[in-house]
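First listed ligand is number 1; within each ligand, the first listed atom is number 1.
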Amino acid sequence: MSDRREFIKKAALGSIGAGAALHGVMGAKGPVSATAQNGTKPLIISTWNHGLAANDEAWQQLKSGASALDAIVAGVGVSEADPKVRSVGYGGLPDREGKVTLDACIMDHKSDCGSVSFLQGIKHPIAVAKKVLEDTPHVMLTGSGALQFALEQGFKQENLLTAKSEHDWREWLKKSKYEPVINIENHDTISMLVLDADGNLSGGCTTSGAAWKMHGRVGDSPIIGAGLFLDNEVGAAAATGLGEAIVRTAGSAMVVELMRQGMSPAEACKEIVERIHKKHINHKDMSYLQVGFIAVNKAGEYGGYSLRSGFNYAVTDEGSGTRLEDATFKMTWEE
Ligand code: SD4
């Protein structure tokens, strides 16, 4: 049987028994009253509404027999190439020196991972991260070393600062005030989690990071355990939001550990958001703090939760296709 037919057969089997999807109280403030879950395989979940196009591409790739990692690279690659997505890849908002610097990582079901950080001039950092995973003895390459590796691998160096992003940077320069309000100006890091037809987990994450950051700043997104983590025995989690807060708390790794202890994906995301909130109540970052997590477990249950309102994620499965779901959140921006 061809890979493609095998995939379709497994996908069809996976959808049997999905039954009534128990979706949580989405877009609502307060506790997670029901676990968002579906239970089908394969399943793709990614952050923010540009995850819709990314999921569709990744889904098509899976359907044509691509590996989960190739599906992730192609899927989040749609956001990386889209200049309208202002916090990923080409067209991403630059740092305070007008440089677009990119962070990305990828991880597979064997816990192999690859990551690039502070990479400039390469439109698809997620593809370079995959090369780090496959073709080096390392997990992470950064800055000029990551660029050198990318060029050696045949990636093309190009200018990623669009006229629009340059214009916005010049406007920002007039005041040069750093206000990293992730949910308003900066909300587009794409993190994608895949549960494939075989029940294996993988994930990827790619971003131009917080706009107007200091030159050289690296966020959570390329850091395994912070922006992305998975354990194929348990589940996968990924983050968006203020990277500093996610790194301080090893956010995604903690979500996975809570799922290991029996929490549902939605409960685990909520617990870690609560923890991050508690640790930041008197912190200088609190006034603009936003963090959000998505998670999926081995059974195909998934969920998401954010500190503040406005976070959503795209979900794709066989039974319901691709849709956008609003995450439950703890508080509004006014609180
Ligand atoms: C960062 N976590 O570099 C990224 C930004 C982000 O939604 O996720 N924005 O801090």
Side-chain angles (χ1 to χ4, degrees), residues 45-51 54 76 79-80 82 84-89 91-96 99-106 115-120 125-126 129 140 142-143 160 165 178-193 203-229 237-255 269 272-273 276 280 283-286 288-295 304-314 326-327 329 333:
I45 173 168
S46 14
T47 51
W48 304 110
N49 62 357
H50 56 272
V76 302
S79 302
E80 289 178 327
D82 185 349
K84 294 190 296 305
V85 179
R86 308 297 303 289
S87 197
V88 182
L93 289 171
D95 65 14
R96 53 183 65 188
K99 305 270 197 280
V100 180
T101 76
L102 306 176
D103 295 338
C105 74
I106 196 160
S115 158
V116 288
S117 62
F118 191 46
L119 176 63
Q120 296 178 63
I126 193 74
M140 251 182 128
T142 195
L160 302 181
S165 286
Y178 187 52
E179 286 175 321
V181 181
I182 292 290
N183 206 34
I184 294 165
E185 63 180 29
N186 242 337
H187 63 81
D188 293 311
T189 288
I190 184 157
S191 301
M192 176 180 282
L193 305 175
C205 189
T206 177
T207 189
S208 53
W212 330 133
K213 61 193 174 185
M214 289 176 71
H215 191 58
R217 179 266 193 187
V218 170
D220 59 306
S221 305
I223 297 179
I224 300 294
L228 173 73
F229 192 69
T240 181
L242 187 69
E244 282 72 8
I246 297 160
V247 171
R248 280 180 198 118
T249 49
S252 295
M254 293 300 157
V255 172
C269 291
I272 294 309
V273 167
I276 291 174
H280 286 82
H283 195 280
K284 61 180 168 46
D285 290 352
M286 189 57 213
Y288 49 72
L289 182 63
Q290 168 68 318
V291 290
F293 289 93
I294 53 172
Y305 193 87
S306 59
L307 178 63
R308 286 185 159 116
S309 49
F311 176 45
N312 47 29
Y313 49 89
D326 290 324
F329 55 88
W333 281 93

> If we only count N/O pairs under 3.5 Å, is Gly219 in contact with ligand 1?
Replying inline: no
> Which atoms form the tightest heavy-atom contact between Ile224 and Cys105, and what is the distance?
Replying inline: CD1-SG, 3.7 Å
>> Counting only nitrogen or oxygen atoms and a 3.5 angstrom limit, does Thr240 reach ligand 1?
In response: yes
> What pair of heavy atoms forms the shortest contact from Ile276 to Ala245, and how long is it?
Replying inline: CG2-CB, 4.1 Å
>> With respect to Ser87, determine whether any N or O atom, backbone or side chain, lies less than 3.5 Å from an N or O atom of ligand 1.
In response: no
> Which pair of heavy atoms, one from Trp48 and one from Thr189, lies closest together, and at what distance?
Replying inline: CD1-O, 3.1 Å
> Closest heavy-atom contact between Val88 and Ile190?
Replying inline: CG2-N, 3.9 Å
> Are Leu102 and Thr206 close enough, and set up right, to give a side chain to side chain contact (heavy atoms under 4.5 Å, CB included), and what steps lead you there?
Replying inline: CA-CA 7 Å; Leu102 306 176; Thr206 177; 5.9 Å; no
>> Tell me whether Ser221 reaches ligand 1 (any heavy atom closer than 4.0 angstrom to a ligand atom).
In response: yes
> Is Arg217 close to ligand 1, meaning an N/O of one under 3.5 Å from an N/O of the other?
Replying inline: yes
> What do you reckon, does Ala239 have a nitrogen or oxygen under 3.5 Å from a nitrogen or oxygen of ligand 1?
Replying inline: no
> Looking only at non-hydrogen atoms, which of Gly227, Gly241, Ser208 approaches atom 4 (C) of ligand 1 most closely?
Replying inline: Gly241
>> Going by side-chain contact (heavy atoms from CB on, under 4.5 Å), name the residues that satisfy it together with Asp95, two or more places apart in sequence or in a different chain.
In response: Glu97, Lys99, Thr101, Lys213, His215
> Taking only heavy atoms of Asp220, which atoms of ligand 1 are found under 4.0 Å from at least one of them?
Replying inline: 1 (C), 2 (N), 4 (C), 10 (O)
